[in-house]
Peer 1: 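Pasting in a structure now, in structure tokens, and then I'll have a few things to ask.
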Amino acid sequence: MLEKAWTLKQNLIDFVMDAEGDLAVALEAFAAARSTGERYDIAQQNQVIDSFTVEGKVGDKTPIDIFIESQPDLTQSDIGLLESWQHRSFPALFEITQISPDSLELMNWLTAKHYAVKPNSANFLEQMSRLKLGEILRARIAPLTDDWWILSGPAIAMGKLGKPKLAVAIGNFKQNYKNNLYSDAPELLEQAWKSVEKYDEDFTEFFGSDEVTLSGYHLNKKLAEFQEVITKKHLAEIGVDETKSLADMVEDAGVDREEVKAAAIAAAGADAKAVEVMLDSNASSKMVTPKVELPDRFKKAEKVTALSHPRWGQTFLSTYAQFTEMLAAEDFSTIPGYEKLVRSYLEDAAINAWIWQRLAKVNPAKLEQILQTVLQRTDFAIETDLDSLLQEFKKPLEPELPEIASVPLHLNNLFQQALGEVNKSKSKPQDKKKSSKGFKS
């Protein structure tokens with residue numbers, strides 16, 4: 001079965017690489033869309049090709065669909081295996097938790113799920129002897145049988161990573177593989193999306209609107225108050241009395257100490273160490289230190305607008321009020337720097353499609369006129385051309401899972417521990433080297 005899967009996969013890759021016409025064009029476009037601007041080594045290039053076989057599109061078909069149609073000699077077993085790869089394979093960051101002579105046990109760090117995985121070539125089988133427990137692999141795995149999986153393409157070994165470096169690697173993976181975060185745990189993905197909706201509800205209830213503009217200083221303080229409110233709300237949901245100290249809550253409510261700690265952390269980004277301190281002391285009132293705050297670049301801004309949406313999440317902008325003032329002006333050309341502002345909103349990836357759609361509702365006729373002027377497109381129509389313009393500037397029209405979404409507790413704990421290690425290393429006094437005089441040999 002394993003060697004049969006090796007042969008089938010290699011035939012699929014060869015088919016894609018030898019293809020001409022629409023399939024070749026689609027592969028080139030797929031690779032270009034995945035490019036980060038950095039030079040890819042052969043393993044990274046092969047990972048992109050492997051991903052294309054599953055995720056690529058040629059019209060309404062995938063490369064696997066086209067391969068199956070072009071190979072009349074495929075057995076039903078072959079077709080079933082190919083279709084399982086198409087629907088169930090996924091990329092992730094895996095930790096090696098067990099090494100056997102002919103297989104690996106891998107844990108997906110994004111979901112904490114474990115997999116028994118076979119190598120995808122005789123060459124990798126030989127390389128397995130050099131792998132070590134605890135090493136991180138960036139790889140795609142695909143079903144082989146009901147109990148076994150197989151490496152779908154090349155596995156990129158990242159070595160053993162300390163918590164700070166592992167947290168960075170996971171952050172990079174989340175950024176580069178936004179559509180594959182919880183591929184093997186749709187229930188986690190559903191919970192994450194629901195958390196964005198809940199955050200939007202709480203935000204709107206607290207601020208009285210989905211949009212609030214304050215000075216950076218005052219917005220940061222209000223966000224801290226907001227975070228405290230939603231933390232208490234989440235703790236109340238597990239039957240905890242907010243008027244008591246955390247230690248009393250654990251004793252009186254019959255709630256496990258770790259459950260209280262986990263709830264506080266998961267509720268609103270609470271700091272794990274702060275929760276632990278509160279549990280060890282009898283301090284009441286403020287149970288946790290709010291973690292969500294404005295990025296430093298906004299804290300001293302004269303005006304900052306916070307916007308919330310049940311799908312697009314939360315956005316902070318220091319120029320949103322300026323943009324809406326431009327839309328309200330009789331003559332927008334009298335606004336200093338209006339062209340630079342408009343272009344920055346088009347080019348900045350943080351300004352998503354929803355922000356533009358929101359601005360279009362404020363004053364569609366004026367925004368149309370502004371874009372006609374800035375882009376020198378006199379025939380631009382806001383109603384029919386806005387979406388294509390946003391796509392031209394690489395702005396997805398559908399939301400990706402926002403940063404405000406909840407993450408699995410094991411990931412949150414990792415990020416907290418990584419942050420703690422970084423802060424601890426920063427606080428260590430640096431050894432002062434004695435200055436030396438004269439020449440050094």
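Residue numbers start at 1 and run along the sequence shown.
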Peer 1: Can you find a heavy atom in the side chain of D210 that is under 4.5 Å from one in the side chain of H309?
Peer 2: no
Peer 1: Which atom pair, heavy atoms only, marks the closest approach of Q47 to P154?
Peer 2: NE2-O, 2.9 Å
Peer 1: Evaluate the ring planes of W356 and Y345, with Trp represented by its six-membered ring, and classify them as parallel (under 30°), tilted (30 to 60°) or perpendicular (over 60°).
Peer 2: perpendicular
Peer 1: Does a sphere of radius 6.0 Å around CD in E28 hold more than 12 heavy atoms from other residues, nucleotides or ligands, not counting ones at 6.0 Å or beyond?
Peer 2: no
Peer 1: Pair L375, L389 - check side chain to side chain contact (heavy atoms under 4.5 Å, CB included), show working.
Peer 2: CA-CA 10 Å; L375 299 173; L389 176 66; 3.7 Å; yes
Peer 1: Evaluate the side-chain proximity of V212 to T305: yes if any heavy-atom separation is below 4.5 Å, no if none is.
Peer 2: no
Peer 1: How long is the straight-line distance from CG of L367 back to NZ of K361, given to the nearest 0.5 Å?
Peer 2: 13.0 Å
Peer 1: Using a strict threshold of under 4.0 Å (side-chain N to carboxylate O), is an ion pair present between D22 and K61?
Peer 2: no
Peer 1: Within the side chain of K9, is there an N or O that forms a donor-acceptor pair under 3.5 Å with the backbone of S152?
Peer 2: yes
Peer 1: Enter the distance from Y338:OH to Q322:CD here, rounded to the nearest 0.5 Å.
Peer 2: 13.5 Å
Peer 1: Answer yes or no: is there a side-chain heavy-atom contact under 4.5 Å between W85 and D50?
Peer 2: no
Peer 1: For the residue pair F94 and Y115, does the interplanar ring angle fall in the parallel (under 30°), tilted (30 to 60°) or perpendicular (over 60°) class?
Peer 2: perpendicular
Peer 1: Can R377 and E392 be counted as an ion pair, charged N to O under 4.0 angstrom?
Peer 2: yes
Peer 1: Do side-chain atoms of K299 reach the backbone of L219 as a donor and acceptor pair under 3.5 angstrom?
Peer 2: no
Peer 1: Which pair of non-hydrogen atoms, one from L82 and one from I68, has the smallest distance, and what is that distance?
Peer 2: CD1-CG1, 3.8 Å
Peer 1: First locate atom CG of L12, then atom CD1 of I66, and finally report the distance between them rounded to the nearest 0.5 Å.
Peer 2: 10.5 Å
Peer 1: Give a yes or no on whether the backbone of G216 and the side-chain of N220 come within a donor-acceptor separation of less than 3.5 Å.
Peer 2: no
Peer 1: Write down the atom of T315, the atom of N352, and the distance for their closest heavy-atom approach.
Peer 2: OG1-ND2, 4.0 Å
Peer 1: Between Q372 and F380 (side chain of the first, backbone of the second, donor and acceptor by atom type, cut-off under 3.5 Å), is there such a pair?
Peer 2: yes
Peer 1: Where the side chain of Q71 meets the backbone of N11, is there a donor-acceptor pair that is under 3.5 Å apart?
Peer 2: no
Peer 1: Evaluate the side-chain proximity of L189 to L181: yes if any heavy-atom separation is below 4.5 Å, no if none is.
Peer 2: no
Peer 1: Do E225 and K221 meet the salt-bridge criterion of a basic N to acidic O distance under 4.0 Å?
Peer 2: no
Peer 1: Should E398 and K178 count as an ion pair when the cut-off is N to O under 4.0 Å?
Peer 2: no
Peer 1: To the nearest 0.5 Å, how far apart are CG in D184 and CH2 in W149?
Peer 2: 7.0 Å
Peer 1: Between I355, I351, V362, L359, which is the residue that forms a side-chain contact (heavy atoms from CB on, under 4.5 Å) with F323?
Peer 2: L359
Peer 1: Decide if atom NE2 of H410 counts as having more than 12 heavy atoms of other residues, nucleotides or ligands within a radius under 6.0 Å.
Peer 2: yes
Peer 1: Indicate yes or no: at least one non-hydrogen side-chain atom of V58 is less than 4.5 angstrom from one of D65.
Peer 2: no
Peer 1: With a 6.0 Å cut-off (strictly less than), is the heavy-atom count around CD of E187, excluding the residue itself, greater than 12?
Peer 2: yes
Peer 1: What pair of heavy atoms forms the shortest contact from K366 to L327, and how long is it?
Peer 2: CG-O, 3.4 Å
Peer 1: Tell me, please, which residues at least two apart from D387 pass side-chain hydrogen bond (donor to acceptor under 3.5 Å, both in side chains).
Peer 2: none
Peer 1: Are L341 and I335 close enough, and set up right, to give a side chain to side chain contact (heavy atoms under 4.5 Å, CB included), and what steps lead you there?
Peer 2: CA-CA 10 Å; L341 178 61; I335 305 294; over 6 Å; no
Peer 1: Treating N176 as the side-chain partner and N172 as the backbone partner, does any N or O pair qualify as donor plus acceptor under 3.5 Å?
Peer 2: yes
Peer 1: Should the heavy atoms of other residues, nucleotides or ligands under 6.0 Å from CZ of F15 be counted, would the total exceed 12?
Peer 2: yes
Peer 1: Report yes if some heavy atom in the side chain of V54 is under 4.5 Å from a heavy atom in the side chain of R140; otherwise report no.
Peer 2: yes
Peer 1: Side chains of P364 and E383, heavy atoms from C-beta outward: is any pair under 4.5 Å?
Peer 2: no
Peer 1: Knowing that exactly one of T319, L317, L294 qualifies, which makes a side-chain contact (heavy atoms from CB on, under 4.5 Å) with V304?
Peer 2: L294
Peer 1: Measure from the side-chain N and O atoms of D202 to the backbone N and O of Y199, and report whether any donor-acceptor pair falls under 3.5 Å.
Peer 2: no
Peer 1: In the structure I gave you, are the side-chain heavy atoms of W193 and P402 within less than 4.5 Å of one another anywhere?
Peer 2: yes
Peer 1: Any chance you could measure T213, atom OG1, to F207, atom CZ, to the nearest 0.5 Å?
Peer 2: 11.0 Å
Peer 1: Using distance alone, with no hydrogens and no angle criterion, decide if S388 and D385 have a side-chain donor and acceptor under 3.5 Å apart.
Peer 2: no
Peer 1: With distance as the sole test, does R343 use its side chain to make a donor-acceptor pair with the main-chain N or O of V374 at under 3.5 Å?
Peer 2: yes
Peer 1: Would you find more than 12 non-hydrogen atoms of other residues, nucleotides or ligands less than 6.0 Å from K113 atom NZ?
Peer 2: yes
Peer 1: Considering non-hydrogen atoms only, spot the tightest contact between W312 and A353 and give its length.
Peer 2: CH2-CB, 4.0 Å
Peer 1: Enter the distance from L151:CG to W6:CH2 here, rounded to the nearest 0.5 Å.
Peer 2: 10.5 Å
Peer 1: Within the side chain of S70, is there an N or O that forms a donor-acceptor pair under 3.5 Å with the backbone of F67?
Peer 2: yes
Peer 1: Tell me the closest heavy-atom pair linking L411 and W109, and the distance in Å.
Peer 2: CD2-O, 3.3 Å
Peer 1: K395 side chain to L346 main-chain N or O, any donor-acceptor pair under 3.5 Å?
Peer 2: yes
Peer 1: For D331 and S333, test the side chains for any donor-to-acceptor distance below 3.5 angstrom and give the result as yes or no.
Peer 2: yes
Peer 1: Any chance you could lay out the side chain to side chain contact (heavy atoms under 4.5 Å, CB included) test for I64 and E83, step after step, and finish with the verdict?
Peer 2: CA-CA 8 Å; I64 285 181; E83 289 178 343; 5.6 Å; no
Peer 1: Determine, step by step, whether K174 and L401 satisfy the side chain to side chain contact (heavy atoms under 4.5 Å, CB included) criterion, reporting the C-alpha distance in whole Å, the side-chain angles of both residues, the deciding distance to 0.1 Å, and the verdict.
Peer 2: CA-CA 10 Å; K174 290 176 68 178; L401 190 64; over 6 Å; no
Peer 1: Under 3.5 Å, is there a donor-acceptor pair between the N108 and T111 side chains?
Peer 2: yes
